[in-house]
2 protein chains.
Amino acid sequence: MNSKSNSATISNVAAHAGVSIATVSRVLNGTTPVQADKAERVKRAIAELNFVPRPAARTLASRKTNTIGLVFSEIRGAFFPHLLKGIEAQLHEAGYELLVYSTHSDRPIKRKPIGEHNTDGLLVFTTSLDKEEIARLYRINFPIVLMHETPPAGMDIPVITVENKDGAVMLVDHLITHGRRRIVFLRGPDGHEDSQWRERGYREALAAHDIPFDETLVSSGEFDQETAYQSLKKLIHNGVDFDAVFAGDDDAAIGVYRALKEANRLIPDDVAVVGFDDVDFAGYISPPLTTVRAPIEEVGREAVRQLLSLLNGEQAQSLVLKRTELVIRESCGCLNNS
Amino acid sequence: MNSKSNSATISNVAAHAGVSIATVSRVLNGTTPVQADKAERVKRAIAELNFVPRPAARTLASRKTNTIGLVFSEIRGAFFPHLLKGIEAQLHEAGYELLVYSTHSDRPIKRKPIGEHNTDGLLVFTTSLDKEEIARLYRINFPIVLMHETPPAGMDIPVITVENKDGAVMLVDHLITHGRRRIVFLRGPDGHEDSQWRERGYREALAAHDIPFDETLVSSGEFDQETAYQSLKKLIHNGVDFDAVFAGDDDAAIGVYRALKEANRLIPDDVAVVGFDDVDFAGYISPPLTTVRAPIEEVGREAVRQLLSLLNGEQAQSLVLKRTELVIRESCGCLNNS
DNA sequence: ATATACTTTGAAAACGCTTTCAGAAAGCGT
DNA sequence: ACGCTTTCTGAAAGCGTTTTCAAAGTATAT
């Protein structure tokens with residue numbers, strides 16, 4: 001069928017240039033100096049024969065795959081493309097290939113199809129890889145970098161994430177400063193670290209203003225529009241009193257908007273709403289959403305940088321926290337009140 | 001550093017099970033029947049030694065990489081994740097790996113780093129690979145499937161795309177039916193086939209209602225928010241008379257919204273606006289955008305299916321057109337008028 | 001029994017590179 | 001000129017599989 005088989009190999013090049021294959025390999029990789037004229041002949045032969053070294057053969061001989069793997073569990077609409085973009089760009093600059101794998105919950109595979117034998121290192125997003133697999137890779141000294149998740153206790157694996165807590169503090173503090181006191185918080189998925197940190201920020205901001213934490217104001221948002229919608233609807237139905245909502249993330253904020261509109265509560269006049277992430281649509285919904293910008297593309301780039309350090313045998317930073325930034329738009333109401 | 005090197009190989013397994021490596025290979029791949037008891041011993045040995053065959057060695061020996069490549073040029077925010085999701089899911093179901101490569105315009109590489117030697121086949125999105133490279137791959141009989149782009153003349157390469165023209169016709173026809181006559185069209189990027197077909201649909205719909213095509217109503221949108229904003233601003237500034245805008249795609253529609261709001265023209269009362277794609281935010285901007293749903297995840301899945309056919313030596317369909325679907329929301333104004 | 005045809009099996013040859021090792025060539029100091 | 005480094009270079013040994021080939025073992029048909 002396809003004729004990959006007939007293309008030139010290193011021996012063809014060697015023969016054509018009148019040198020040994022070792023020499024060809026050397027000009028190919030620049031591992032050892034080669035006489036100028038021979039190098040020239042080899043280069044010409046490579047060009048004429050249109051020779052491209054087979055990655056598989058290289059990998060087998062050198063034990064390096066020259067590719068790194070990206071593992072993630074969900075392609076969250078607005079979030080993921082930015083992460084991928086950062087990773088892709090930074091990685092290809094360094095000459096590595098990118099193998100992508102998504103571990104959907106419904107895929108009951110034992111052996112992970114991505115790991116030591118087909119990559120030189122792994123980029124792991126949130127909880128896409130279970131603790132045991134991470135531990136196993138760590139034990140065999142396989143380079144990994146985690147994004148938005150801390151490693152299991154005792155393992156020194158680099159982590160890149162954003163200032164979730166700071167972001168949440170800024171948001172909630174902003175709301176309080178502008179007169180809101182009863183602020184609903186919608187939690188993200190269980191075990192999601194981003195959510196845990198955001199809740200911590202929420203609590204700290206309240207405490208800083210001497211507002212007692214009120215469990216009835218906390219509900220489940222799951223970083224998901226529909227869940228947030230249902231949760232808020234229930235709060236309203238139960239007659240819970242609140243004048244603001246920190247939705248957990250921007251997706252959930254959409255659900256909050258819907259519930260509020262249905263209940264004829266005005267945003268921001270009756271209820272201020274804030275999200276998290278500053279996804280693409282945040283500025284275009286109505287009213288434009290006040291949120292926190294998470295530099296997710298930069299998280300991707302940084303993760304690659306750290307992984308490359310590891311691959312080069314250098315020391316990597318064990319934790320890189322990317323700054324978040326408050327983006328004030330209209331849903332918090334401060335543009336009118338203040 | 002890392003100890004991939006010390007893990008079990010096929011010979012270890014063979015020794016442990018008391019058979020030859022050929023036999024191990026056979027139970028591994030099921031290529032030839034093996035006596036039940038021996039097979040059992042081999043399986044146990046594999047489990048005990050925790051043996052995983054090295055992909056590189058397999059590839060070298062069998063000349064199959066068991067991975068396919070995805071080439072694209074841009075990670076369009078709202079569009080791309082769905083495509084990737086479809087591809088990823090379908091591909092891993094079939095046991096293939098996914099290698100991802102983005103050909104940014106500013107990357108001046110000669111040899112494409114993705115192709116015959118590191119993949120068994122390629123999925124190509126729009127114009128991410130130039131004609132020559134496609135022609136070269138076609139010539140060596142390398143399996144490719146194109147998404148949203150027709151192959152160069154004379155090459156029978158499968159194409160998966162959506163009913164762009166039909167979608168555009170539905171959209172424009174809908175506008176006309178509801179009384180709009182002077183409809184602006186914002187073109188996508190030069191050479192982008194989606195855009196060309198949408199324009200064709202735009203023209204056909206006009207013709208069907210005996211509305212003459214008016215070049216002054218056509219401008220450049222580039223499927224980009226900012227460009228669309230600028231173009232529309234200029235149209236307004238030039239005093240061009242129009243009562244509707246077909247923005248080319250949803251991203252451009254955002255720019256149109258902005259320009260219109262700035263000019264104090266009401267959507268849909270003064271100007272109806274429609275987009276294309278039905279990206280995630282389309283239902284949440286204000287007013288909610290009337291658009292056409294493009295089943296992009298399904299395009300990804302279908303592309304994989306066709307590529308797998310090719311890989312299995314079967315005949316693939318040369319063209320698969322996925323149906324588009326009109327999604328009527330509020331920006332077209334029909335919910336009030338009709 | 002005997003010739004004939006399957007089944008199973010292992011030895012060994014690829015697959016296309018990198019890398020080690022030792023030797024040849026060249027440069028240098030005396 | 002003569003050793004002693006220092007550079008280059010090629011032969012050959014892997015890397016870990018798949019696959020071909022022929023032999024050995026079994027069953028079937030005469």
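Throughout, protein chains are lettered first and strands after them, A, B, ... in sequence-line order, and every chain is numbered starting at 1.
- Two residues are said to be in side-chain contact when any heavy atoms from C-beta on lie closer than 4.5 Å; A:T65 and A:Y96 fail this criterion.
- Look at CD1 on B:I46: it is 13 Å from C1' on D:dT17, rounded to the nearest Å.
- Rounding to whole angstrom units, NZ of residue A:K64 and C1' of C:dC17 are separated by 15 Å.
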List, one per line, each side-chain donor-acceptor pair under 3.5 Å for residues 22-37 of chain A, sequence neighbours excluded.
from: A:T23; atom 1: OG1; to: A:S20; atom 2: OG; distance (Å): 3.3
from: A:S25; atom 1: OG; to: A:N29; atom 2: ND2; distance (Å): 3.3
from: A:N29; atom 1: OD1; to: A:R58; atom 2: NH2; distance (Å): 2.9
from: A:N29; atom 1: ND2; to: A:S25; atom 2: O; distance (Å): 2.9

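- In this structure, B:N29 atom CG and D:dG16 atom C1' are separated by 13 Å, rounded to whole Å.
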> ring-ring contact (aromatic ring centres under 6.0 Å, His included) between A:F79 and A:F72: does it pass, once the steps are laid out?
Replying inline: CA-CA 12 Å; A:F79 197 100; A:F72 56 95; over 10 Å; no

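- Residue B:E314 qualifies as enclosed at atom CD: its count of foreign heavy atoms under 6.0 Å is above 12.
- A:H192 is listed as a side-chain neighbour of A:T126, based on a closest heavy-atom distance under 4.5 Å.
- Using a 4.5 Å heavy-atom cutoff, the side chains of A:I296 and A:V162 are not in contact.
- In this structure, CD1 of A:I10 is placed 13 Å from P of D:dA11, rounded to the nearest angstrom.
- In this structure, A:E133 and A:D130 have side chains that are in contact, with non-hydrogen atoms separated by less than 4.5 Å.
- Rounded to a whole Å, the CZ atom of B:R58 is 8 Å from the P atom of D:dT17.
- When base pairs are accepted only as Watson-Crick or G-U wobble with both N-N or N-O distances under 3.5 Å, DNA chain C takes part in stems of 3 or more pairs at C:1-30 with D:1-30.
- Using a cut-off of 4.0 Å between Lys/Arg side-chain N and Asp/Glu carboxylate O, B:R136 and B:E116 are scored as salt-bridged.
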> Which parts of nucleotides 9-15 of chain C does protein reach within less than 4.0 Å, heavy atoms only, written one letter per nucleotide 5' to 3' as B for base, S for sugar-phosphate only and - for none?
Replying inline: BBB---B

